[in-house]
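First the structure, in the form of structure tokens, and then the observations on it.
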Protein chains: 2
Amino acid sequence: MPLATIKWVNNSIKLIDQRKLPGKLEYIYCRDLETLWDAIKTLSVRGAPALGVASALGMLLASKLFKGNDKNKFLKFMEKSSAYIGSSRPTAVNLFNSLARIEHIIKNNQEKAISEIKKLVQNEAIAIYEEDRIVCRKMGKFGASFIKNGGTYMTICNAGSLATVDYGTALGVFYAAQEQKKQFKVYSLETRPLLQGARLTSWELKKSGVDVTLICDNMAASVMRNQRIDGIFAGADRIASNGDTANKIGTYSLGVLARFHEVPFYIVAPYSTFDLNIKDGTEIPIEQRSKEEVVNFHGVRTAPDNIKVFNPAFDVTPNYLIKAIITEEGIISPVNRSNISHTFGTNAKK
Amino acid sequence: MPLATIKWVNNSIKLIDQRKLPGKLEYIYCRDLETLWDAIKTLSVRGAPALGVASALGMLLASKLFKGNDKNKFLKFMEKSSAYIGSSRPTAVNLFNSLARIEHIIKNNQEKAISEIKKLVQNEAIAIYEEDRIVCRKMGKFGASFIKNGGTYMTICNAGSLATVDYGTALGVFYAAQEQKKQFKVYSLETRPLLQGARLTSWELKKSGVDVTLICDNMAASVMRNQRIDGIFAGADRIASNGDTANKIGTYSLGVLARFHEVPFYIVAPYSTFDLNIKDGTEIPIEQRSKEEVVNFHGVRTAPDNIKVFNPAFDVTPNYLIKAIITEEGIISPVNRSNISHTFGTNAKK
């Protein structure tokens, strides 16, 4: 059983400090919103589903922090808190989806007493937390149907227990296949610049007894050419209504390489990762991060001073490169607007 | 004018210690073969053409180190020295080509006095050194015809002045275009695991006033998709008689991505990089390097202990992904056995 990545404990949000992994297993306790904001911004907690849960628990924390009886002040405070949490990372839609759910609860119940609204916020936040656990296990089961005994797979970044409450999206597929006693191998791409694949995915897969081999990102093509790869599984940070998928930088590269080598490329992501309000990937904002992430590794300089650096945190993989999107509601394939709309029973924006 | 990467000074081989770049500019003086072997093995000196020159100067050094008048002992010593130098790195053919040239000189003159053979070895080694300087400038001029004013280009690893005596192969194209007063931009891929792109290419291009931007390897596809890239230039470590090209790991990946995005992909390499004795890329041995290069960065651990790692130093790009090979004898395009054979006026192995 994997460790809980995120938990509500004694009126605080308890998070594994993922910047310290794999060297040390340490926790951060967020007792104010600033600590949570920093933890999200600096990637102590990361992964789209985990960010969804963290922001929900952030709103629960905000409601606990508010003292007093002035309803207007309370509503304003919750509104400001939501905007503040939302300002931490622009690409992951789960974060905004969770905030919207909590805001919706508050709005629909604003006539009630503060204590009652607080109770409802707590219920919704805990529901978001529990849903993540259930949803990941459902996706894992659907995805495990694509894992064959003796197969070899590839994954990028960390879409594992560390990216969710405790099970994972892409890595949940491997955990589910493992529970079904299948034997298989996984190549973990190290995922520059912050090495989530090396530091987190290798760590959690190895800890769970999965046969994992670490490679650098630029080795993936060579591995695909020289041996049989049976599938690639990646998570997502935001999926447009047509299936275009934003995920960690390098995912699009893998999608192109998969197409060239005829390797099926799967995205594993819950409904909360979909942004059905946007038409396609061009509408997804791409977070640009500090050049220091590229030129500095834990204090060791990797490039000359004053060098120009381009450091987008994400890229967008167009729907036609994705063989299937595995969700808790089922498998979407081929990936297109009508199949997505059909799966979720909604009208995706035309 | 770039610094000399490698030089024969006072009966020793003077090398820039490239492991220290970009932090420090330090030199290694090889006064014995063991120091040279270590410098090659640990990549203090690297780059196929530079290895060709280093091994030639290594044979010159060996000839100087031999004291005595026993011809048989001298010939044996030179033979052993050649095998020893050749054991340092298996993929770069320039190394073996240089050793073969020196061996050939010795064999053809073995009836002469030791002092005379030594003189001939010296002349041949210095010729190999001088040829590198001339050949790089010729390739640069041919390649610069593919650089347009206002264009944007990409390169991987370091095929620059630091990979040759003082000018470069792929980067020589940029230097030649610069001498022609063309304005252009270059994306330098950092090139994991040893970051030659970040540490060396960014350093030397910036120092020479070229507009260079550093990216991680997994960002190349996204850059190709989101902006116009006019060409990709890479070096080579060994080219088979059909044009299949071994180069730094990640080059094949770039070749596939270039094809997908319709970006012309060029290899810049002298005749000494060709191995016309082999039919295609499957015959090129691929050096596997230590896992420590991947999991350790200057003493900072990037992955859990005891993780399995796959660390091939090179990959092979098939000829059909290469738009042209730029050599000192001219431009080979399309890249195939007959055009290569024609360019070099030899009969490539059928």
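Convention: sequence-line order gives letters A, B, ...; per-chain numbering from 1. Atoms considered below: every heavy atom in the structure, side chains included; atoms not considered: hydrogens, waters and symmetry mates.
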Subject >> Selection from A:G255, A:S188, A:A198 maximising heavy-atom pairs under 4.5 Å formed with chain B >> reply: A:A198
Original post:
Do other residues, nucleotides or ligands put more than 12 heavy atoms under 6.0 Å from the CD atom of A:E26?
Top reply: yes
Original post:
Which bit of B:V295 is near chain A, if near means a heavy-atom gap under 4.5 Å: side chain, backbone, both or neither?
Top reply: side chain
Original post:
Can you tell me if CD on B:Q227 sees more than 12 non-hydrogen neighbours from other groups inside 6.0 Å?
Top reply: yes
Subject >> Spatial distance of atom CG (B:L195) from atom CZ (A:R301) [nearest 0.5 Å] >> reply: 12.5 Å
Subject >> Contact check, side chains of B:P193 and A:E190, non-hydrogen atoms, under 4.5 Å >> reply: no
**OP:** Taking side chain to side chain contact (heavy atoms under 4.5 Å, CB included) as the test, write out the residues that go with B:K182, two or more places apart.
**Re:** B:I147, B:N149, B:A177, B:Q180, B:F184
Original post:
chain B: which of A:I286, A:L200, A:V212, A:L189 shares the most heavy-atom pairs with it under 4.5 Å?
Top reply: A:V212
Quiz: residues 256-264 of chain B side-chain donor-acceptor pairs under 3.5 angstrom, not counting sequence neighbours:
{"unit_1": "B:R259", "atom_1": "NH2", "unit_2": "B:Y320", "atom_2": "O", "d": "2.6"}
{"unit_1": "B:H261", "atom_1": "ND1", "unit_2": "B:L257", "atom_2": "O", "d": "2.7"}
{"unit_1": "B:H261", "atom_1": "NE2", "unit_2": "A:Y252", "atom_2": "OH", "d": "2.5"}

Original post:
Given the options B:T213, B:D211, B:T191, which has more heavy-atom pairs under 4.5 Å with chain A than any of the others?
Top reply: B:T213
Original post:
When only heavy atoms count and the cut-off is under 4.5 Å, which of residues 302-315 of chain B reach chain A?
Top reply: B:T302, B:A303, B:P304, B:D305, B:N306, B:I307, B:K308, B:V309, B:F310, B:N311, B:P312, B:D315
Original post:
For the candidates A:I249, A:V294, A:D217, which exhibits the highest count of non-hydrogen atom pairs separated by less than 4.5 Å from chain B?
Top reply: A:I249
Subject >> Separation of A:I156 CD1 from B:N218 CG (nearest 0.5 Å) >> reply: 6.0 Å
**OP:** Under 4.5 Å heavy-atom distance to chain A, tell me which part of B:L194 shows up: side chain, backbone, both or neither.
**Re:** neither
**OP:** Considering only heavy atoms and a distance below 4.5 Å, find which of A:V316, A:I215, A:L205, A:L254 pairs most often with chain B.
**Re:** A:I215
Subject >> By side chain to side chain contact (heavy atoms under 4.5 Å, CB included) - contacts of B:D230 (at least two apart) >> reply: B:K148, B:T152, B:Y153, B:R228
Subject >> Heavy-atom pairs under 4.5 Å with chain B, option from A:K291, A:K206, A:R225, A:K248 with the top count >> reply: A:R225
Original post:
In Å, rounded to the nearest 0.5 Å, how long is the span from OG of A:S253 to CE of B:M224?
Top reply: 8.0 Å
